[in-house]
Undergrad: 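Supplied in structure tokens, the structure appears directly below.
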Amino acid sequence: MNSILIIEDDDSLARSLIQFLTAEGFNVKHSSGQKAGMQIFLSENIDCVLLDVSLEDGNGFSVCKAIREISQVPVIFLTASADEGCTVAGFEVGCDDYISKPFRPRELVARIQNVIRRHSSETPPLLKCRNITADPARGLVTKNGNEIFLSALEYRLLLLFLSNKGKLLTRDQLADELWTVSGEFIGDNTLNVYIKRLRDKIEDDPQHPEILKTVRGLGYKAVDI
């Protein structure tokens, strides 16, 4: 059974979608806002996201961008705006399809099935650095072949570093990316805490890190090895 996450602040439409998609055999989750929606996405095994542009505490473009940074799970925009600029913006942040309201329910199901089928044939590459391997398709991180467990933000940090090995990521960049995912402001102290927690889990000697290096006064980078 495929799981669908609906992030939609129109409760009436959300209820109709939940009822219809459940009857079609989908496991459906719902959130009306950006923060709660990302929390569901990070904690559940989601196969497709149905996303409105206007949300009660943010916007769909930010959500899609945050999802695309950590996952290739299909995203379909459902929006009342048929404006070409909005459509282009949706595809620029990585959506897989864009459907204007009102839409035909059967067509929506067909498009959901199409993007899920297309996604299932695409396997994202493993990300590796020394003895650490991340499998984005499975949300799995291993150290020396043994699974290690990270929080959602620790996992997000690790993927950022492994996707940008050898590149400096400034503290501002990291804070901005984590804020996008969590929906909460990430200050210096909070960032320090997450960097320390991540090092404690991935480094052999967290006091002398060999994977996640500090670039003093600027930020951090993962070694390009």
Side-chain angles (χ1 to χ4, degrees), residues 5 34-46 49 57-58 61-75 92-94 119 122-225:
L5 171 58
Q34 173 176 325
K35 180 181 176 181
M38 284 305 302
Q39 289 174 340
I40 294 172
F41 182 82
L42 292 168
S43 62
E44 302 278 351
N45 184 20
I46 301 298
V49 178
D57 63 346
F61 298 130
S62 295
V63 175
C64 185
K65 182 177 181 292
I67 289 173
R68 201 51 76 230
E69 291 283 351
I70 59 176
S71 173
Q72 293 303 309
V73 165
V75 175
E92 285 180 342
V93 294
H119 171 72
E122 302 171 355
T123 304
L126 299 179
L127 301 173
K128 299 181 179 182
C129 187
R130 297 202 173 183
N131 60 344
I132 298 295
T133 300
D135 183 347
R138 300 167 61 196
L140 179 68
V141 178
T142 60
K143 179 179 179 180
N144 297 318
N146 299 311
E147 184 175 3
I148 58 175
F149 298 94
L150 306 179
S151 71
L153 288 184
E154 290 164 1
Y155 179 68
R156 172 70 184 121
L157 264 180
L158 181 63
L159 290 190
L160 276 173
F161 285 120
L162 296 189
S163 298
N164 295 278
K165 286 190 299 183
K167 298 179 181 178
L168 169 68
L169 296 178
T170 68
R171 296 180 64 85
D172 286 344
Q173 285 176 308
L174 294 170
D176 182 61
E177 291 290 349
L178 294 184
W179 176 86
T180 300
V181 172
S182 70
E184 297 179 353
F185 175 73
I186 301 295
D188 277 351
N189 290 338
T190 304
L191 181 59
N192 290 340
V193 169
Y194 281 107
I195 291 290
K196 181 182 184 302
R197 288 177 180 174
L198 181 58
R199 280 175 166 162
D200 286 343
K201 294 179 179 180
I202 68 172
E203 299 282 0
D204 292 331
D205 181 0
Q207 298 302 315
H208 301 89
E210 294 297 326
I211 297 174
L212 182 52
K213 295 286 191 178
T214 299
V215 181
R216 197 164 299 280
L218 297 175
Y220 305 89
K221 68 178 179 179
V223 294
D224 189 15
I225 298 176

Undergrad: Taking only residues two or more places apart in sequence, or in another chain, which ones meet Asn144 in a side-chain hydrogen bond (donor to acceptor under 3.5 Å, both in side chains)?
TA: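 In terms of side-chain hydrogen bond (donor to acceptor under 3.5 Å, both in side chains), with neighbours along the sequence ignored, Asn144 is linked to Asn131.
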Undergrad: Please identify each residue that fulfils salt bridge (Lys or Arg N to Asp or Glu O under 4.0 Å) with Arg199, with sequence neighbours left out.
TA: none
Undergrad: Verify, without hydrogens or angle tests, whether Thr214 (side chain) and Arg216 (backbone) share a donor-acceptor contact under 3.5 angstrom.
TA: no
Undergrad: Could you pull out all residues at least two apart from Arg197 that satisfy side-chain hydrogen bond (donor to acceptor under 3.5 Å, both in side chains)?
TA: none
Undergrad: Residues in salt bridge (Lys or Arg N to Asp or Glu O under 4.0 Å) with Glu44, at least two apart?
TA: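 Testing Glu44 for salt bridge (Lys or Arg N to Asp or Glu O under 4.0 Å), a comparison that skips the adjacent residues, returns none.
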Undergrad: Please report the C-alpha distance between Val215 and Tyr220 in whole Å, then the side-chain angles of each, then the deciding distance to 0.1 Å, and finally whether the side chain to side chain contact (heavy atoms under 4.5 Å, CB included) criterion is met.
TA: CA-CA 5 Å; Val215 181; Tyr220 305 89; 6.0 Å; no
Undergrad: Please report the interatomic distance CG(Leu5) to CE(Met38), rounded to the nearest 0.5 Å.
TA: 9.0 Å
Undergrad: Distance check, rounded to the nearest 0.5 Å: Cys64 atom SG versus Glu92 atom CD?
TA: 11.5 Å
Undergrad: Checking side chain to side chain contact (heavy atoms under 4.5 Å, CB included) for the pair Asp204/Glu210: CA distance, chi angles, key distance, verdict?
TA: CA-CA 8 Å; Asp204 292 331; Glu210 294 297 326; over 6 Å; no
Undergrad: What residues, two or more places apart in sequence or in another chain, satisfy side-chain hydrogen bond (donor to acceptor under 3.5 Å, both in side chains) together with Asp57?
TA: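 Once residues adjacent in sequence are excluded, Asp57 has no partner under the side-chain hydrogen bond (donor to acceptor under 3.5 Å, both in side chains) criterion.
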Undergrad: Can any side-chain N or O of Arg68 pair as donor or acceptor with the backbone N or O of Gly94 at less than 3.5 Å?
TA: yes
Undergrad: With Lys221, which residues qualify under salt bridge (Lys or Arg N to Asp or Glu O under 4.0 Å), at least two apart?
TA: none
Undergrad: Which residues pass the ring-ring contact (aromatic ring centres under 6.0 Å, His included) test with Phe61, not counting sequence neighbours?
TA: Phe77
Undergrad: Going by side chain to side chain contact (heavy atoms under 4.5 Å, CB included), name the residues that satisfy it together with Gln173, two or more places apart in sequence or in a different chain.
TA: Leu169, Thr170
Undergrad: Nearest heavy-atom pair of Phe161 and Ala222: which atoms, and what distance?
TA: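 Taking every non-hydrogen atom into account, O-CB, 3.6 Å.
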Undergrad: Given the rule in the side chain to side chain contact (heavy atoms under 4.5 Å, CB included) test, do His208 and Asp205 qualify, once you have shown the distances and angles that lead to the verdict?
TA: CA-CA 5 Å; His208 301 89; Asp205 181 0; 3.0 Å; yes
Undergrad: Using a 4.5 Å cut-off on heavy atoms from C-beta on, say whether the side chain of Val193 contacts that of Asn189.
TA: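 They are not in contact (no side-chain heavy atoms under 4.5 Å apart), so the answer is no.
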Undergrad: Going by the rule side chain to side chain contact (heavy atoms under 4.5 Å, CB included), which residues pair with Asp200 if we only count those two or more places apart in sequence or in a different chain?
TA: Lys196, Pro206
Undergrad: Report yes or no: does Ser43 contribute a side-chain atom to a donor-acceptor pair with the main-chain N or O of Gln39 at less than 3.5 Å?
TA: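 Yes: the side chain of Ser43 pairs with the backbone of Gln39.
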Undergrad: What's the separation between atom CD1 in Ile132 and atom CD1 in Ile211, rounded to the nearest 0.5 Å?
TA: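 With rounding to 0.5 Å, CD1 (Ile132) is 4.5 Å from CD1 (Ile211).
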Undergrad: Closest approach of Ile67 and Val73, non-hydrogen atoms and distance?
TA: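 Shortest heavy-atom contact: CG2-O, 4.5 Å.
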Undergrad: So does Glu147 have more than 12 non-hydrogen atoms from other groups sitting under 6.0 Å from CD?
TA: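 Yes, because the 6.0 Å sphere around CD of Glu147 holds more than 12 heavy atoms from other groups.
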Undergrad: Please list, chain by chain and in numerical order, all residues satisfying side-chain hydrogen bond (donor to acceptor under 3.5 Å, both in side chains) with Tyr194, sequence neighbours excluded.
TA: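 Not a single residue meets the side-chain hydrogen bond (donor to acceptor under 3.5 Å, both in side chains) criterion with Tyr194.
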Undergrad: Please name the pair of heavy atoms, one in Val223 and one in Arg130, separated by the smallest distance, quoted to 0.1 Å.
TA: CG2-NE, 3.9 Å
Undergrad: Ignoring hydrogens, what is the shortest heavy-atom contact between Leu158 and Val141? Give both atom names and the distance.
TA: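 Heavy atoms only, the tightest pair is CD2-CG1, 3.6 Å.
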Undergrad: Name all residues meeting the side chain to side chain contact (heavy atoms under 4.5 Å, CB included) criterion together with Lys167; count only those two or more places apart in sequence or in a different chain, and write none if there are none.
TA: Asn164
Undergrad: Looking only at non-hydrogen atoms, find the nearest pair between Pro209 and Glu203 and report the distance.
TA: CB-OE2, 3.3 Å
Undergrad: Of all residues at least two apart in sequence or in a different chain, which pass the side chain to side chain contact (heavy atoms under 4.5 Å, CB included) check with Thr133?
TA: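 Leu126, Lys128, Thr142.
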Undergrad: Write down the atom of Pro74, the atom of His119, and the distance for their closest heavy-atom approach.
TA: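 Heavy-atom minimum between the residues: CG-CB, 3.5 Å.
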Undergrad: So do the side chains of Lys143 and Ile202 get within less than 4.5 Å of each other, counting heavy atoms only?
TA: no
Undergrad: Is a donor on one side and an acceptor on the other found under 3.5 Å between the side chain of Arg156 and the backbone of Leu159?
TA: no
